[in-house]
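See structure below.
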Amino acid sequence: MSQNARIVVLDGYTLNPGDLDWEGLRTLGEVTVYDRTVASDVVARAQDAEIVLTNKVPITAEVIAELASLRYIGVMATGYNVVDLDAAARRGIVITNVPGYGTQSVAQFTVALLLELCHRVEEHSRAVRAGAWGANPDFSFTLSPQVELAGKRLGIVGYGSIGQRVAALGRAFGMEVLVTSRTPKETGDEGIRWTQDLSGVLQGSDVVSLHAPLTKETAGLICTESLASMKSSTLLINTARGGLVVEQDLANALNEGRIAGAAVDVLSLEPPVHGSPLLSARNCIVTPHMAWASREARSRLMASVVENVRSFQAGQPVNVVG
């Protein structure tokens, strides 16, 4: 493919809000970057483009049918469910993603959410600033139970690179780790055990952390039935995909005290323009899909996006999906 190819980035802002640059991509073709693109504008903006890059803008079968010049779709993320794989395959369009760029950042953020559930650091800081410590007769006070992780069990659902890193961090806290995934995995640590028994992981864990992809099999994995199997002291964390959780079921479990707390960085609809029951649920932390967004992770993502395009143009595509 010519290095004068027309390249269109449909939603570049979250990857590069201004602290990175697109120069590496510009060496590979004529680049147009849109910060955001609504579904109705995709065809007009990508018309005549040979290469289209997207993060969360859907590339549907209808869109693909309208883009006669399209030869390559680069997903600027790990998950690629925004692309109609079958429609692309029928046209011989190459699809790539970027695995692994956010492993460290997402794992770190997962632990940050867990520690916030255990200690409610910001809540205590606000209370101190409001004068609660100065007015307290004791040298110390707490507004919530303080939870020590050592000796507790961390259950990890999905044992890819992020799940593996979270497991290692859990071990650093002295936790026993039980993991489950679609395929058997060698853990390499006697304190980390793999099992195919998802129900056993949910029932026996003090903390459940979700790191599975969103598929037909995993959609709605956390629902009334699975929540009922968890201990009332369980903490649930989701930094994977919002669709893994039936949000109303989780909100009900939290509000009724059937599990102790939850922290989610992802929702079924993002942004939650119609709200979500988790936004007002008891003992629930909700953050705006930011676990991946450290500058370090975004720099790796940008470099991989460019390398994916370069490899495709050289006739040796990498990170191909579908």
Side-chain angles (χ1 to χ4, degrees), residues 77-79 97-119 121 145-215 217-218 221-222 226-227 229-241 244-245 259-266 285 287 290-294 296-297 300-301 304 319:
T78 301
N97 73 336
V98 183
Y101 73 92
T103 296
Q104 299 293 343
S105 288
V106 176
Q108 177 179 309
F109 197 87
T110 299
V111 173
L113 291 177
L114 174 56
L115 293 178
E116 181 61 18
L117 285 172
C118 290
H119 300 295
V121 173
Q146 298 296 288
V147 179
E148 184 176 282
L149 294 174
K152 291 186 169 55
R153 176 178 287 176
L154 169 61
I156 295 178
V157 180
Y159 201 56
S161 61
I162 296 173
Q164 291 171 34
R165 184 61 186 146
V166 171
L169 293 173
R171 289 292 293 142
F173 282 112
M175 302 183 79
E176 174 191 352
V177 180
L178 189 59
V179 303
T180 187
S181 58
R182 290 175 295 178
T183 55
K185 298 289 177 70
E186 293 292 336
T187 65
D189 183 328
E190 64 181 16
I192 303 175
R193 294 188 296 115
W194 179 86
T195 178
Q196 202 165 12
D197 181 16
L198 172 63
S199 62
V201 173
L202 300 181
Q203 291 170 13
S205 296
D206 301 290
V207 178
V208 174
S209 191
L210 305 181
H211 301 286
L214 180 59
T215 65
E217 292 72 29
T218 61
L221 183 72
I222 302 301
S226 56
L227 287 161
S229 70
M230 297 182 193
K231 298 185 291 188
S232 61
S233 58
T234 299
L235 301 174
L236 175 71
I237 300 173
N238 185 13
T239 53
R241 289 291 181 267
L244 298 176
V245 175
I259 69 168
V264 303
D265 186 50
V266 287
I285 297 168
T287 53
M290 58 187 285
W292 68 283
S294 70
E296 293 84 355
R300 289 191 292 270
L301 175 55
S304 293
N319 296 320

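The first residue of the sequence shown is numbered 1, and numbering continues consecutively from there.
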Between [X] and [Y], is there a donor-acceptor pair closer than 3.5 Å when you use the side chain of the first and the backbone of the second?
X: Ser229; Y: Ser226; value: yes
X: Asp265; Y: Ala291; value: yes
X: Ser294; Y: Ala297; value: yes
X: Ser105; Y: Gly102; value: no
X: Asn97; Y: Gly79; value: no
X: Thr180; Y: Thr195; value: yes

Do Tyr159 and Gln164 have side-chain heavy atoms sitting under 4.5 Å apart?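 Side-chain contact under 4.5 Å: yes.
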Beyond-backbone contact of Thr78 with Pro213, side-chain heavy atoms, under 4.5 angstrom: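 Result no, sub-4.5 Å side-chain heavy-atom pair not found.
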Of all residues at least two apart in sequence or in a different chain, which pass the salt bridge (charged side-chain N to carboxylate O under 4.0 Å, His left out) check with Arg300?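 Not a single residue meets the salt bridge (charged side-chain N to carboxylate O under 4.0 Å, His left out) criterion with Arg300.
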Take atom CD in Gln146; do more than 12 heavy atoms of anything else shown fall under 6.0 Å from it?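 Result for CD/Gln146: enclosed.
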In this structure, are over 12 heavy atoms from other groups packed under 6.0 Å from Gln108 atom CD?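 No, because the 6.0 Å sphere around CD of Gln108 holds 12 heavy atoms or fewer from other groups.
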Pairwise distance [atom1]([X]) to [atom2]([Y]) - rounded to 0.5 angstrom:
X: Leu114; Y: Met175; atom1: CG; atom2: CE; value: 6.0 Å
X: Glu116; Y: Ile285; atom1: CD; atom2: CD1; value: 4.5 Å
X: Leu115; Y: Leu149; atom1: CG; atom2: CG; value: 6.5 Å
X: His211; Y: Thr103; atom1: NE2; atom2: OG1; value: 11.0 Å
X: Met230; Y: Leu235; atom1: CE; atom2: CG; value: 10.5 Å
X: Leu210; Y: Ile237; atom1: CG; atom2: CD1; value: 9.0 Å

My understanding is that only residues two or more places apart in sequence, or in another chain, count here; which of them pass side-chain hydrogen bond (donor to acceptor under 3.5 Å, both in side chains) with Arg193?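 Only Glu176 meet the side-chain hydrogen bond (donor to acceptor under 3.5 Å, both in side chains) criterion with Arg193.
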Can you name the one residue among Leu117, Val177, Leu154 that meets side-chain contact (heavy atoms from CB on, under 4.5 Å) with Val207?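 The residue from Leu117, Val177, Leu154 that satisfies side-chain contact (heavy atoms from CB on, under 4.5 Å) with Val207 turns out to be Leu154.
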